[in-house]
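Written below as structure tokens is the structure these notes are about.
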Number of protein chains: 2
Amino acid sequence: MGRSTKADRSSTPAKQTRDPEATKAQILDAAEEEFARFGLNGARTEAIAAKTGVTKAMIYYYFGSKENLYEAVLKSYPDNFLDVVKRLNVEDLSPEDALTAMVRAGIAHEISHPHQGKVLLHEAMQNGGKYFKLTGGWEEAIGHGMEILNRGVAEGYFRPLDSFLTMIHIMGVITFYFNAENNLKNIDTEREWLSPSAIEQLTESAIAFILAGVKATSEKQS
Amino acid sequence: MGRSTKADRSSTPAKQTRDPEATKAQILDAAEEEFARFGLNGARTEAIAAKTGVTKAMIYYYFGSKENLYEAVLKSYPDNFLDVVKRLNVEDLSPEDALTAMVRAGIAHEISHPHQGKVLLHEAMQNGGKYFKLTGGWEEAIGHGMEILNRGVAEGYFRPLDSFLTMIHIMGVITFYFNAENNLKNIDTEREWLSPSAIEQLTESAIAFILAGVKATSEKQS
DNA sequence: GTCTATAGTACGATAGAC
DNA sequence: GTCTATCGTACTATAGAC
């Protein structure tokens, strides 16, 4: 990730070597983390600056205001999850395999983008979803999931169901573990919540639960 | 906004008639709403006072600090959900019926206590679950749910499963609809998310999903 | 492009009158 | 027990030097 330009002969990267792109990206990253924790309202530009290594003034130089920075964070999302879903090529798979792949991708996405879901939850809870539309990918991703479910129902693999509500159930299963982790830690203090093996357990459990939750009781009856 | 002082013998209750208990309760209610929206950090005591009808000074008179007020809100919870669960007398029911009753109670609880789950989510996301233990009831309620699942597995009604992870899945299904509502609204703008009929749809869909998710594929094999 | 310094404001908390 | 007034601070945002 050697994003530093210029000399940078010593170990300490620090202090910003006048690389605008790097600075902007750094601010965005730090902002995402802060917004994931506190939401738009509770986030502090000073805290963002402190994490970044650049000064607060840079936030305003590049983004103009805290609100604009927040919007920039939301706009940086569309590429992420939808692209992952698209790359699954679920059309070539059976509904079961497509759904399994989607759940697996959803959990993997929580691991690789640990802040995104939390930013969006804060958005729902404190801003009334006012800025949600800036993240264009979700609507399409959910639609993608609904198609899988509807196809499974039509082909008799899945039981009759409301595909929109069922997608909401599935998103709840995928995200709750991560969003509530810090509370749940108090109940199972032994578990290493984000270790690879714990995540593998979660993934297997979630897939079993979700697949069973939608499957037809009798076998394919077409 | 008739906040008028003095006489005001007319309908408007307003202005506090020096009822300490009522004032304290009012502050707690307004605080819960504010904390549900913004969490401890983002909440504003001024906003709480504004909702309450009493002045900001009363918060400090009764609770000492914003943090103490937050703790008081968390401590006011244990009675709530656990009591509901206990009152189900799940021991007298089959595992399926017990689980159904629990899901129904969980969704009903989200409706009757719309702020509680959000306060706890904020707690997990922004305070690292530091204050979570103040809500004593959850650990026991989850344990209660795990017993239902374990009994169902032991008696062959449910498939083999990890009852702790499965309870997390179930909590995700029950809560995500409500926590993400304001985002989801942007996707289905027609739905009246909290209308009785919408909630009944949600309840039926969630019960079908969760029960299918844990049931053994073959019938009871004891 | 990045920093320091600061204006202006909003917030948490307290003092003192009634 | 409740209010008004205010202190001190921490925050968003800007101006100006380098």
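In the text below, chain A, chain B and the rest are named by the order of the sequence lines, each starting its count at 1.
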Given [options], the nucleotide with the shortest approach to the side chain of [X]:
{"X": "Met58(A)", "options": "dC3(C), dG1(D), dT12(D)", "answer": "dC3(C)"}
{"X": "Ala57(B)", "options": "dT4(C), dA13(C), dT14(C)", "answer": "dT14(C)"}
{"X": "Tyr62(B)", "options": "dG1(D), dT12(D), dT2(C)", "answer": "dG1(D)"}
{"X": "Tyr60(A)", "options": "dA13(C), dT14(D), dC11(D)", "answer": "dT14(D)"}

Practice task
Please say whether the positively charged group of Lys56(B), taken as NZ for Lys or CZ for Arg, lies over the ring of Tyr61(B), i.e. under 6.0 angstrom from the six-membered ring centre and within 45 degrees of the axis.
Solution key: no

Specify the separation, in whole Å, of atom [atom1] of [X] and atom [atom2] of [N].
{"X": "Glu21(B)", "N": "dT2(D)", "atom1": "CD", "atom2": "C1'", "result": "16 Å"}
{"X": "Lys66(A)", "N": "dA10(C)", "atom1": "NZ", "atom2": "P", "result": "13 Å"}
{"X": "Ile27(B)", "N": "dG12(C)", "atom1": "CD1", "atom2": "P", "result": "14 Å"}
{"X": "Asn68(B)", "N": "dA13(C)", "atom1": "CG", "atom2": "C1'", "result": "12 Å"}
{"X": "Glu46(B)", "N": "dA13(C)", "atom1": "CD", "atom2": "C1'", "result": "11 Å"}
{"X": "Ile59(B)", "N": "dA13(C)", "atom1": "CD1", "atom2": "P", "result": "10 Å"}
{"X": "Phe63(A)", "N": "dT14(D)", "atom1": "CZ", "atom2": "C1'", "result": "18 Å"}

Which part of the nucleic acid, if any, lies within reach of [X] when heavy atoms closer than 4.0 Å are counted: base, sugar-phosphate only, or nothing?
{"X": "Tyr61(B)", "value": "base"}
{"X": "Ala43(A)", "value": "sugar-phosphate"}
{"X": "Ala47(A)", "value": "nothing"}

Practice task
Please confirm whether the backbone N or O of Gln201(B) pairs with a side-chain atom of Ser205(B), one donor and one acceptor, at under 3.5 Å?
Solution key: no

Do the side-chain N or O atoms of [X] get closer than 4.0 angstrom to the phosphate oxygens (OP1, OP2) of [N]?
{"X": "Thr23(B)", "N": "dT2(D)", "value": "yes"}
{"X": "Thr45(B)", "N": "dC11(C)", "value": "no"}
{"X": "Thr55(A)", "N": "dT2(C)", "value": "no"}
{"X": "Arg44(B)", "N": "dG12(C)", "value": "yes"}

Fill in the blank from the handout: Nearest-nucleotide check on DNA chain D, Lys56(B) vs Pro20(B); residue mapping nearer the 5' end is Pro20(B)

Practice task
Over 60° means perpendicular and under 30° means parallel, so classify the ring planes of Tyr177(B) and Trp193(B), tilted if in between.
Solution key: tilted

Exercise for the section: May I ask you to decide if the ring planes of Trp138(A) and His109(A) are parallel, tilted or perpendicular, using 30° and 60° as cut-offs? Expected result: perpendicular

Exercise for the section: Taking only Lys NZ, Arg NE, NH1 and NH2, and the carboxylate oxygens of Asp or Glu, determine whether Glu123(B) and Lys118(B) approach each other closer than 4.0 Å. Expected result: no

